[in-house]
Structures are given as structure tokens and as C-alpha cells.
Amino acid sequence: MHAVFFSLVVGLAAGVAAAQAQAPATAPTPLQAHLTGPIPPLVKYEIVGNTTIPQPLTERPGDPVRGRRVVTDASNSTCLICHEVPTLEEFPNQGKIAPSLEGLGSRYTAAELRLRLVNPKLLVPDTMMPAYYRTEALTRVQRQYVGRTIYSAQDIEDAIAFLMTIR
Amino acid sequence: MKALLALLALVLATAVTAPAHAQGWPLERYTVEDRNSGYFYLGRQTRLLQDDDFQNPGMFAVDQGAALWRRVDGTQGRSCQTCHQNAADVMKGVATRYPAYDAKSGGIINLELLINRERVEKMGAAPFAYESPELLALTAYVSHQSRGMAKNIDISGPAAPFFEQGKEFWNTRRGQIDISCAMCHDDRAGMLLRGDVISQGQTNGHPMYRLIWQSISSTHRMFEWCNTSMRAEPYPLGSPEYLALELYVAWRGRGLPVETPSVRK
């Protein structure tokens, strides 16, 4: 009697497997070298006018193509867990717990986005949005992530280059 | 006559395909004031799976637990049944009161650890590993005897400091992602996190059958999962930290009916 019903269970489980992919860290993708290799030193940055970081974190200019892969990487805190991005319609199941990022590139400057990604707590102290480039003032970080930022400095620049194309 | 036959066929067909709805409570039963069981946030198919004891995969564990209840083990030559007789009578309502303060250890004890202590102290048997199928089965079986009864957690007196500890755990941001349990389960219940509807993170259906794990699973395993999804170092299953958290979370769901074995995504 139970055997028949197992197919239903497996079917449902396969359905949620896709959603599961964003949960705890799975195998690192090539995008995530900074999460597994030697810990890269933190790049210093200067905040101007409380809302911007005008200077890029890296010499290499942001690459929007790589940036697109960075922000949609399901196993590294993708913006899509929480936000909708209408221009990324090929990614199903976008989150709806934060404002839509529609038209982001026309609403923000790169300098503003840089602070928003590096440390949004400086803009909205109790925000749920993670700080993508910060290692201090955190509680009980999982051992393998201690001293590591969610995004590398280059990820931040590439992500910004892509986000500025969302019009 | 033809119409009558058609009607008869329809009635028969429904009788055969309709699930037994062993639980089959109206949806209102899963809500007490502003508190919703995880059932409330499930899709139709998962609800049906939980409702029907013949389909509910968690019932395997309950059946296994019934067998373990009767199985003699340890140096004393006893089973649980030797002393407690009929679980349906003596274990009824027990799960509504756990976790609870335990004078013997001076800390919080939950059903899993209590059952293990019964094995050690009353049977002279070895404790089961925390997330072992055996311990989960016995816990599910004992909890199942309270199905439909309201969770009623005592947080007064000596339990109070542990309650505060659990509450603080719940509200503290942690991990590389720097978020708290409350940010999802208090502030965003009902919203979509990627493809998942976020529930209130209630425990009234535990141990639960979790579909993505395809196994019966404890509350502490779920804590561990939520902890590591915020890239926070988890605590060991059965640790004092998770016991205090479990006390707070169970109290948070006070009044919700015991659903064991629940089915969750």
C-alpha cells in the first residue's frame, strides 16, 4: 500500500529540489574562489556623503557579463532570493520579500550601488539585506566563512556593472 | 436507471479515491490567534499527504516507534511497555508539555533526550544517537499519542532564564548573511523566499517528515538547517543552546495542535 504513494513523495521532493538549490552552500562554483581558497585581503574604501563609495574596489573595470552570473549564482546569496528582477525572467521563483529591482540602473549611480552592496546596514541599520563586502560585527559565522566576504571585490564591481544595465 | 447507475458509479469512484483524512481537521484548527502551524502554508498536495495516514510517509516512523515501544532491550530485560503498558493511554498529552525544565539535570529536556534517558536509567540500554531513525521513531510514536491536543509549554519559575536565552537566540542576527530567525519567521511569514512560502517556523508537527530530506526529522535538525543557510556555525543537535531555543519556539506556538507526524517541504 505504501509503495504506490512513494512516487508522489518523490515527485514532490523533485519539485522542491530546485528551490533547495539556493539553500546551504553546495559545491563551490568557479565564481566562489574567494570563499574557498586563501582569504584575500580586504580592500579599503572611502564613504562619501554617507550614501556613496565613488572609488571602484578594483583596478579591473566591472564586467557586466560576469556580473550577471555573480548576482544570479543560486548558491551564493543571490539577490533573487529576496528581490524580483523583471529583466532576469529566465530565473523562476524570484523572491518577493524585498522591493523589486526594476529599473535599478536608472534610479541609482554606481557609487550609490557600491555602498548598498558593500554594507547596506549603513543605509538601513535593521535591514535584512546582507552586507556583501564586510567581515566585522558578525555573530557566529560558520567556520569556513570566517574572515571572508560574500562577494569578492571583483564580484562587487562586476555586479555593479551588470546592475547598471537594468533599465 | 442509466442516470442512477452513473450516479452510483460516481459515488463509488469518489469513495475509492478520496483520502481517508485521518487527521482531516478544518483549516481553522491550524491557527490560534496570530499563530499558524506550518500546515497553513503548505500547498494542497502536501496537505493531502499529511492528512491521510495511509499516504503520510511519517507514519512509517510512528509504526516503527510502536514496535520499539514493545521491544525488550538493555540489561534490565524491559521494554517501554513493561512499565508504561498502553502508550495510547499513558503517553496521551505528554508531548504537549515538552520541552520542559527538568529538575534532575537542572536544564531543559525535550522528548528525544527524555526517551533516551528512560532507556539508560530504566532499561539499562544504550542511548540512541540523536538523529537516529530509532530515536526519531520513538519520539514520533510518543508525540503521535497527543495528536490534536494543544501545545502547552511551561516557561515559569526555573524555566524562565532558559526561555529568555531561547528568545535571544531567535532574535539575534547571525552568520555571514547576518539575519535572525525572527526576520523570516516573525516578519515575513507568508511571503515568498525564492520558491518557498516562509512559514512561522512552528514545531507543533515535529518530528516531521521533510520531503526534501525524504526522512523523518527532528526540530534540532531543522534548526541546524536554518542556521547553516544563514552561514552561521550550528550548535550540536541536543545542545543546551538548541534546547533553550526549542523551548522558546514551542512556547511561541502555544495552543497549536500536535500534528505528529507532519509533512513539510
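First the proteins, then the strands, lettered A, B, ... as listed; each starts at 1. Just so it is clear, the model here is predicted, and its values are computed rather than measured. Computation of the quantities below employed the complete heavy-atom set of this structure, encompassing side-chain atoms and omitting hydrogens, waters and symmetry-equivalent molecules.
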Determine whether B:Y130 and B:S218 satisfy the following criterion, side-chain contact (heavy atoms from CB on, under 4.5 Å), listing intermediate values before the conclusion.
CA-CA 9 Å; B:Y130 196 90; B:S218 72; 3.7 Å; yes
Do B:H220 and B:F223 have ring centroids that are under 6.0 Å from one another?
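For B:F223 and B:H220, the ring centres are under 6.0 Å apart.
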So if I take each residue of residues 101-119 of chain A and look for any heavy atom under 4.5 Å from a heavy atom in chain B, which residues do I end up with?
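Near chain B, by residue number: none.
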Which residues in residues 149-167 of chain A have a heavy atom less than 4.5 Å from any heavy atom of chain B?
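Counting heavy atoms that sit under 4.5 Å from chain B, the residues of residues 149-167 of chain A involved are A:T149, A:I150.
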From CA spacing to verdict: side-chain contact (heavy atoms from CB on, under 4.5 Å), B:Q214, B:Y209:
CA-CA 7 Å; B:Q214 296 194 33; B:Y209 187 91; 3.6 Å; yes
Could you walk me through whether B:F169 and B:Y235 pass the ring-ring contact (aromatic ring centres under 6.0 Å, His included) check?
CA-CA 12 Å; B:F169 193 119; B:Y235 289 88; 5.7 Å; yes
So, applying side-chain contact (heavy atoms from CB on, under 4.5 Å) with B:R252, which one of B:Q200, B:R35, B:K167 is it?
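Among B:Q200, B:R35, B:K167, the one that satisfies the side-chain contact (heavy atoms from CB on, under 4.5 Å) with B:R252 is B:Q200.
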Does the pair B:D53/B:R147 count as a salt bridge with the N-to-O cut at 4.0 Å?
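Answer for the salt bridge query: yes.
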Closest-packed option against chain B by number of heavy-atom pairs under 4.5 Å, given A:K121, A:R148, A:Q94:
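Ranked by heavy-atom pairs under 4.5 Å with chain B, first place is A:K121.
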For chain B, which of A:E84, A:K96, A:H83, A:M128 has the most heavy-atom pairs under 4.5 Å?
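Option with the greatest count: A:M128.
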Where on B:R188 is there a heavy atom nearer than 4.5 Å to chain A: the side chain, the backbone, both, or neither?
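Just the side chain, heavy atoms under 4.5 Å.
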For B:I179, is it the side chain, the backbone, both, or neither that has a heavy atom closer than 4.5 Å to a heavy atom of chain A?
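Contact with chain A involves the side chain of B:I179 alone.
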Could you tell me which residues satisfy side chain to side chain donor-acceptor pair (under 3.5 Å) with B:W170, sequence neighbours excluded, listed by chain and number?
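If we apply the side chain to side chain donor-acceptor pair (under 3.5 Å) test to B:W170, skipping adjacent residues, the hits are B:D186.
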Can you tell me if B:Q50 and B:N56 form a side-chain donor-acceptor pair at under 3.5 Å?
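Their side chains do not contain a donor-acceptor pair, so the 3.5 Å distance test is not met.
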Could you check whether B:N227 and B:Y242, counting side-chain N and O atoms only, form a donor-acceptor pair closer than 3.5 Å?
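Yes - a donor-acceptor pair under 3.5 Å links their side chains.
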Which residue pairs satisfy the salt bridge (charged side-chain N to carboxylate O under 4.0 Å, His left out) criterion with at least one member in residues 130-145 of chain A, sequence neighbours excluded?
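For residues 130-145 of chain A: A:R134-B:D178, A:R143-B:E233.
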Report the C-alpha distance between B:M230 and A:Q142 in whole Å, list the side-chain angles of each, state the deciding distance to 0.1 Å, and finish with yes or no for side-chain contact (heavy atoms from CB on, under 4.5 Å).
CA-CA 9 Å; B:M230 46 180 92; A:Q142 206 175 354; over 6 Å; no
